[in-house]
Amino acid sequence: MILSIIGHDFHFEMENICRLFFPFEDIKAVKEQADGEFVVTTLVESGEGGSAMCRAKVEKGGVAFTAERVVEENAEDKEYLKELYLAHALFEVFVKLTGTKPAWGVLTGVRPAKLFHRIVEEQGSIEGAERYFARQFFVSEEKLRLCSDTAAVEEKIIAKSRPESFSLYVSIPFCPTRCAYCSFVSETIGKQAGLLPEYLDCLLKEIEATGRAARDLGLRLETVYFGGGTPTILAAGDLGRIMDKIAECFDLSTVREYTVEGGRPDTFTKEKLSVIKEKGATRISINPQTLRDDVLERIGRRHTARQFFEAFEMARECGIGNINADLIAGLPGDDFEGFKGTLNGVVGL
């Protein structure tokens, strides 16, 4: 697919819309008119009196479809509307071409409920947000109900926070290996082990500085989250050092949840789990992603399903009662029955 970007800078969003319909297509983006077997053209040009014309066209296998939208001269937030209306037009031509209509419409982010909260504030009501999602984002009734219900559950949690509430994220960007699907900023420990001591020294200094800033601003700490990477790649002593520094620099009396994301089951030991428990963490994550060993091997994770169950049992033995496990649907080599088996295996715990 050749994606022409003409008269605008909305390359990222246009490519995401393309991937809704053609997730495995190679996309070459250009900034001029193009010719080829499969060409998608997105164009924004000035109209009469300061209006803007947003036009999308798809040409594939001798078939062509075109759609357009107009941003009126007196419209508020014209740049946002240009991007949204161009997405509308592109979505329309792909629906015509493929005969399919993605249930989440033009939404391509990972947290639609977060967006829903914002739209509720802007529209002044849940009903207004639902109408906006249906009309402006083309979200299906089924997904609209799911999003609205999820946002309602989240609201009960959000309501417990105060204007001065904040959360602390501690980043450990190192992993045993890099998973095939990963897009996070991280390094494999084998390649960059030499960076770790200096990184930890800098991290401890940053915790001190952040603690001072939080105190000066009168902020209230609600949650602590160790993410990565794979935080449990660290030795037990290093984990303890970081958690001690957090306890020294922050008031933990208001913390409602303290999570250490373990991630890889093969990085856990009883010593590390004991430190995590003793230093105040209230939740850990042990993430198998799948319980199929052949899929684990294919995606570059050097552990087995058995090691996940062993790590889970070890955490329970250390007195950790709140454990979550990340799963990924649609991994290479997996199928419906495989994912169903993974889900049942974790729910069985």
Quiz item: With a 3.5 Å cut-off and no angle check, do the side chains of Arg264 and Asn287 form a donor-acceptor pair?
Solution: no

Self-check item: Any Leu81 side-chain heavy atom under 4.5 Å of Lys78 side chain
Solution: no

Quiz prompt | Pairwise distance CG(Leu200) to CD1(Ile207) - rounded to 0.5 angstrom | solution = 9.5 Å

Exercise. Could you check if a side-chain atom of Arg256 sits within less than 4.5 angstrom of a side-chain atom of Ile157, using non-hydrogen atoms only?
Key: yes

Quiz prompt | Arg241 bridged to Asp244 by N-O distance under 4.0 Å | solution = no

Exercise. For the residue pair Ile172 and Leu234, establish whether any side-chain heavy-atom pair is separated by less than 4.5 Å.
Key: yes

Exercise. Please report the C-alpha distance between Phe22 and Phe94 in whole Å, then the side-chain angles of each, then the deciding distance to 0.1 Å, and finally whether the ring pair (Phe, Tyr, Trp, His ring centres under 6.0 Å) criterion is met.
Key: CA-CA 9 Å; Phe22 296 92; Phe94 277 135; 5.7 Å; yes

Exercise. Mark yes or no: Lys60 above the aromatic ring of Phe38, with NZ or CZ under 6.0 Å from the six-membered ring centre and no more than 45 degrees from the axis.
Key: yes

Self-check item: Smallest separation among heavy atoms of Leu219 and Phe166, with atom names
Solution: CB-CD2, 3.5 Å

Quiz item: Do Arg292 and Asp294 meet the salt-bridge criterion of a basic N to acidic O distance under 4.0 Å?
Solution: yes

Quiz prompt | Within 6.0 Å of CG in Asp201, more than 12 heavy atoms from elsewhere | solution = yes

Quiz prompt | Atom pair OG/CH2 of Ser140 and Trp104 - distance to nearest 0.5 Å | solution = 7.5 Å

Quiz item: Does some side-chain heavy atom of Thr267 sit less than 4.5 Å from a side-chain heavy atom of Pro231?
Solution: no

Quiz item: Should the pair Phe91 and Phe138 be assigned to parallel (<30°), tilted (30 to 60°) or perpendicular (>60°) ring geometry?
Solution: tilted

Quiz item: Does Ile2 share a hydrophobic cluster with Leu43, counting links as ILVMFWY side-chain heavy atoms below 4.5 Å and allowing steps through other members?
Solution: no

Quiz item: Does a donor on one side chain sit under 3.5 Å from an acceptor on the other, for Thr232 and Thr230?
Solution: no

Quiz prompt | Tyr169 atom OH, neighbour heavy-atom count above 12 within 6.0 Å | solution = yes

Quiz item: Do the side chains of Pro173 and Tyr199 get nearer than 4.5 Å, heavy atoms only?
Solution: yes

Quiz prompt | Lys/Arg-Asp/Glu bridge criterion (N-O < 4.0 Å) met for Glu92, Arg69 | solution = yes

Quiz item: Is any side-chain heavy atom of Lys57 less than 4.5 Å from a side-chain heavy atom of Val93?
Solution: no

Practice problem: In plain terms, say whether Lys245 and Glu248 are close enough for a salt bridge, that is, a side-chain N and a carboxylate O under 4.0 Å apart. | Solution: yes

Quiz item: Any salt bridge between Glu79 and Lys82, counting N to O under 4.0 Å?
Solution: yes

Exercise. Answer yes or no: is there an ion pair linking Arg131 with Glu127, defined by an N-O contact shorter than 4.0 Å?
Key: no

Quiz item: Is it the case that more than 12 heavy atoms not belonging to Lys96 sit under 6.0 Å from its NZ atom?
Solution: yes

Practice problem: Carefully, step by step, assess Glu45 and Arg55 under the rule salt bridge (charged side-chain N to carboxylate O under 4.0 Å, His left out). | Solution: CA-CA 9 Å; Glu45 57 186 357; Arg55 184 179 290 115; 2.9 Å; yes

Exercise. State, yes or no, whether a side-chain contact exists between Phe226 and Met243 at a heavy-atom distance under 4.5 Å.
Key: yes

Quiz item: Do Ser51 and Glu73 have side-chain N/O donor and acceptor atoms under 3.5 Å apart?
Solution: no

Exercise. State which residue, out of Leu331, Thr290, Leu327, fulfils the side chain to side chain contact (heavy atoms under 4.5 Å, CB included) condition with Phe339.
Key: Leu327

Quiz item: Within a radius of less than 6.0 Å around CD of Glu198, do more than 12 heavy atoms belonging to other residues, nucleotides or ligands occur?
Solution: no

Quiz item: Between His8 and Leu86, is any pair of side-chain heavy atoms under 4.5 Å apart?
Solution: yes

Quiz item: Hey, is Glu222 close enough to Arg220 for a salt bridge, meaning N to O under 4.0 Å?
Solution: yes

